[in-house]
Each structure stands twice: as structure tokens, then as C-alpha cells.
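For this chain, numbers begin at 1 and follow the sequence in order. Note: hydrogens, waters and symmetry copies are ignored here, and every other heavy atom, side chains too, is used.
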Amino acid sequence: MPFLSRRLRAALLATASATLVAATLPAPVPLGIGDPLFPHLGNPGYDVLAYDIGLTYRGRNSEPLDAVTTIDARTTDPLDRINLDFAHGTVRSVHVNGLRADFETEDEDLIIEPMGSLPAGVPLRITVRHTSDPSGERDSGGWVRTADGLAMANQADAGHRVFPGNDHPADKAYFTFHVTAPQELTVVANGRRTGRFRHGDRTTWTYRTDHPMATELAQVSIGRSAVVERTGPHRLPVRDVVPAADREKLERWLKKTPGQLEWMEQQVGRYPFENYGVLVADTETGFELETQTLSLFERRLFTDGFPEWYVDSVMVHELAHQWFGDSVSPRTWSDLWLNEGHASWYEARYAEEHGDKPLERRMRDAYTRSDGWRRAGGPPARPAAPAPGEKISLFRPVVYDGSALVLYALRQEIGKGAFDRLERLWVRKHRDSNAATADFTALASRVAGRDLTAFFDGWLYGEKTPPMPGHPDWVSTAPVGGGKPA
């Protein structure tokens, strides 16, 4: 039977070839793209173009969700293995370009062996069937359990606790979410809702982003929520997601968002995404978070009696991130100062204009503390690595008001007109992409019409805070301390 013999021969040859390749490959290990602060985050060899994430929530926020994550990518280098960041879930199967693939897990990597080597420049579709587990430590990131369901808080490196992917902001991609939940619950995610289909006692909700997004900015809210819709500047859709029982109580805050959007557009130009809104979650995270198009806030910010100017400024802080951090994302986590410094800057500016909190007074106070902040956490553009087991410690005073102080000094140095042009040009030039500190300093020099290298060397990398332009009497004397929660 020669036909059968040929098939048998081919199978034996394929098995021998695969065995030979496996024998020559090194042992699978976790990889990373070499980020100075998170060296094992992200993976080399491919560029993710899109994620399609399916989640099934059965009504209990302590139980794993069933999930299917499909990743469309393109190889940038020849690959014998594909590493994905993934932790805190069980992988059931993996397919690569339609073929079942072997896989292993090492540390926080899912390591896939496709059927044969992949050359550079070819399309790649990876489908992972897995669970997505919301249990675990509250401060570890990923899923956040709320009083009535779930939300996400993936910054800085916790997106891969929810779904497998290339979990570094340098690899932005488009996202589609399909979330199935009991019919009495409401699901909202980043981007636009493109479908809602009821089947039996469950509903599947579909959302898609119009713009690429970093994994750390993904958001899915599941709960007994009210979705409050209104219109922002130039008919921008604004949708807020709040606990249904708090709908009326929170309206005094929600109705402020269109005006805050208009104010931010006056500073830096048109809002960069398809919609915006506030997600109020009944949970305790210790922070607020600028998830793209749908910023996450703790309920207690609006209900625990904080001063109105403070709540307003925190809302503007997360809104400003939609330009600085979300649309223009950092190339490495050492560029975090560009995110938080700018968000703190516009927060302080808004508090000055709407809450009678003078910017100069806040900046002088920051200057007083700046040397202490630098000793504790490194200079703004070269922050010290977070403490082991305390990754959230990366978000320290030097990257908030310590970095807003850099922007204040820059405005003092080049003048308000040049500074305002720089800000608008920065978000327009790098919209929907990544940019680094070197890109900002080069653009600032171009706008100012002179080389600002010496200025930035001291303000961004110096162990001690340089003299403040226009304020030679300012002195940095305070001990380490202070900070900011958002």
C-alpha cells in the first residue's frame, strides 16, 4: 500500500525533525524586552496588532472566569518559541495559526512552541483558552473585586494577570472585548459598544477600541451599574458608569466632566479618543487609574467628604492622562514622569483656576521637598526600581509633583508661549504612539530655538534639584515625605 507508506514515512520524518529541533533548542525561559524597571516585562520577536478577549462571568467575583484570548501579531524576528506574559490563570490549550501548539509556563511567562520555526515578517494568530482568576491579593493588580462585581487595575505590570499578551506599553494594539454575564448585570469596557446579545439568562456585550491601547490601560467593569450618558465638547460621547444605587448621589460630580474636557482641550487640543467617562467602583484600591476612555475611581473619593477642589483636581488628573500616558504612551517605565508629571501639572493648574489654590505656592512647596524625594526615589527620569513585592511603590512623589516641578521650571526657562506650543505639539506629534524622554527634550529644544540639554540634564537626572529659574531664593530643605495618591 504505497499511499499509506508515504503518509507513514512523512509522519515519521516530521516526528524525527520535531525531535531534532526540540533537542537543539535551549530550555524555555521567561523573556523580556529589557525595560530598566521591569526587565522581564514584554517579549521580543513580535508586534501585537490586536487582541480579541472573550470572558464569561458566572456571577461570583471570587471564581475564575472562562476566557479565550486571540492575539493577531506579526513576527519581527525569526522565532522558534513565542513568549507571552501570563500569570494567575490556567491555560487549557494554545493554537498558533490554526494549529495546536505545545506550551509551558515559567515564572510569569507562557512559552509556546509552534509547529516549526517562524520567519520574520509573517502574520501570527495565537489563540489561548484559559481561565482569568480574580482571587488573590488585593494590591497585586489585575482584576479588582467590587461590592457587586469586577473591574480592572492593570498598572503597571498586571495586565497579564487577566489575559495573556505582550504586557508592556511599548506594544500598543487594538482591543475587542466579548463579555458574557448574568442578564441583571451591566458590562462596560474600553471603547465603543458594538453589540449586546441576550441568550437565555445571560447577555454578551461587545466593545471595541478605535485607537491602539497599552495592556495596562485595559478596563472591563461588571456589576449592577447605571450608565449615564451625556455629550461633551464637539458632541463627544460621555458615558459614566456608577453603582446603580448611587446614580443620583453622584450626579453633582458626573456633570462636571464635559466642562473639564473643554478646559483640557483649551490647554492641549482636541480630546484624542472616541469617548470618555468616569467609572466609579465600590472598592478600595488606594488609587485612581486612567484606564483608556473610562477612568477608574474609588467610590469613597466622591462620598467621603473630601473638599470639592480636591475631588475636581483628581478628576482632571485622570482626564489629563488620556493625552499624557494613554494617547502618548511611555516607551519605557523610566519615562513615567512624562505621564504623571503632566497629569499633576494640569491637576495643579485646574486647582489654581477653579479652586483658588495658587500654582506657585504648590510648586514652591514641591521644590522644598524635591531633594528629599530624589534621595528616596531617584531623579524624575531615572527613578529607582520599585521595592521587591511592592511594585506600586514606583508611583512615588518624585514622579508626581517632583515631575510637575520640572514642567514648571521649563515654563520659567522658555516662557509660557513656547511652553504651550510644546505641549500641543507633543500630544499631536505622538498621538496613538509611544514616546521617550529624549523625544520630549529634543522637541522642547526645537520649540525653544536653543539647546536645552544642560537644563534637562540637571532637572531630569540630577541627584540634587537645580536652581529654579526666576526664583533664586527657593531652597530644597525638607526631609523625605509627602506624596500623592492618584
Side-chain angles (χ1 to χ4, degrees), residues 25 28-33 40-58 63-76 79-118 122-136 141-143 150 152 154 157-168 171-180 189-190 204 206-209 212-220 222:
L25 286 176
V29 295
L31 298 177
I33 61 172
H40 292 115
L41 206 59
N43 297 284
Y46 61 90
D47 174 32
V48 177
L49 307 176
Y51 292 90
D52 188 295
I53 300 171
L55 299 163
T56 299
Y57 176 72
R58 304 191 185 282
E63 295 180 355
L65 290 73
D66 292 326
V68 181
T69 296
T70 300
I71 300 170
D72 286 317
R74 181 171 291 275
T75 59
T76 57
L79 290 176
D80 293 315
R81 292 193 178 107
I82 305 162
N83 279 52
L84 301 178
D85 299 302
F86 187 55
H88 214 60
T90 299
V91 178
R92 292 170 172 158
S93 68
V94 178
H95 287 75
V96 177
N97 292 340
L99 300 175
R100 194 175 184 97
D102 292 333
F103 61 89
E104 296 185 44
T105 56
E106 291 287 338
D107 195 18
E108 295 192 353
D109 271 22
L110 169 62
I111 304 168
I112 302 165
E113 293 198 8
M115 293 289 287
S117 297
L118 299 166
V122 300
L124 188 61
R125 172 165 285 189
I126 308 164
T127 301
V128 183
R129 296 185 178 274
H130 61 98
T131 62
S132 186
D133 193 348
S135 66
W143 285 117
L150 293 170
M152 285 187 198
N154 295 333
D157 66 333
H160 65 281
R161 295 178 63 84
V162 178
F163 55 89
N166 204 21
D167 193 13
H168 191 281
D171 193 1
K172 298 168 71 165
Y174 293 88
F175 277 72
T176 300
F177 299 94
H178 310 275
V179 184
T180 300
N190 310 92
T204 298
T206 301
Y207 291 84
R208 290 191 175 93
T209 65
M213 179 170 72
T215 50
E216 50 120 357
L217 302 173
Q219 183 58 266
V220 173
I222 307 171

Backbone of G42 reached by a side-chain donor or acceptor of D85 within 3.5 Å: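 Yes, the answer is positive, given that a donor and an acceptor are paired below the 3.5 Å cut-off.
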Any donor-acceptor N/O pair, E113 side chain to R81 backbone, under 3.5 Å: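 Checked: no pair found.
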Which heavy-atom pair separates [X] from [Y] by the least distance, and what is that distance?
| X | Y | value |
| --- | --- | --- |
| H130 | P164 | NE2-CD, 3.4 Å |
| L55 | A67 | CD2-CB, 3.7 Å |
| G142 | N154 | CA-OD1, 3.3 Å |
| L79 | P44 | CD2-O, 4.3 Å |
| A101 | P114 | CB-CA, 4.3 Å |
| A50 | A173 | N-CB, 3.8 Å |

Let me see the working for V128 and F163 under side chain to side chain contact (heavy atoms under 4.5 Å, CB included), right down to the final yes or no. CA-CA 9 Å; V128 183; F163 55 89; over 6 Å; no
For [X], which residues count as a side chain to side chain contact (heavy atoms under 4.5 Å, CB included) partner, sequence neighbours excluded?
| X | answer |
| --- | --- |
| T56 | R58, D66, T180 |
| A158 | R161 |
| V29 | L31 |

Pairwise side-chain contact, [X] with [Y], heavy-atom cut-off 4.5 Å (strictly under):
| X | Y | value |
| --- | --- | --- |
| W143 | L65 | yes |
| N43 | D109 | yes |
| L41 | I33 | no |
| M115 | V96 | no |
| L84 | Y46 | yes |
| D171 | D47 | yes |
| I53 | Y207 | no |
| T176 | T206 | yes |

Starting at [atom1] of [X], measure out to [atom2] of [Y] and round the result to the nearest 0.5 Å.
| X | Y | atom1 | atom2 | result |
| --- | --- | --- | --- | --- |
| L110 | E104 | CG | CD | 10.0 Å |
| T127 | N97 | OG1 | CG | 9.0 Å |
| F177 | Q219 | CZ | CD | 8.5 Å |
| N83 | F103 | CG | CZ | 14.0 Å |
| I82 | N166 | CD1 | CG | 11.5 Å |
| R208 | D52 | CZ | CG | 7.0 Å |

Could you check F86 against E108 for side chain to side chain contact (heavy atoms under 4.5 Å, CB included), going step by step and ending with a plain yes or no? CA-CA 5 Å; F86 187 55; E108 295 192 353; over 6 Å; no
Any chance you could lay out the side chain to side chain contact (heavy atoms under 4.5 Å, CB included) test for R100 and H95, step after step, and finish with the verdict? CA-CA 4 Å; R100 194 175 184 97; H95 287 75; 3.8 Å; yes
For [X] and [Y], does a side-chain donor sit closer than 3.5 Å to a side-chain acceptor?
| X | Y | answer |
| --- | --- | --- |
| D167 | H160 | yes |
| T209 | N190 | no |
| D133 | T131 | no |

Could you walk me through whether V220 and L150 pass the side chain to side chain contact (heavy atoms under 4.5 Å, CB included) test, one step at a time? CA-CA 8 Å; V220 173; L150 293 170; over 6 Å; no
I'd like to know whether CG of D72 has more than 12 heavy-atom contacts from other residues, nucleotides or ligands below 6.0 angstrom.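 Enclosed.
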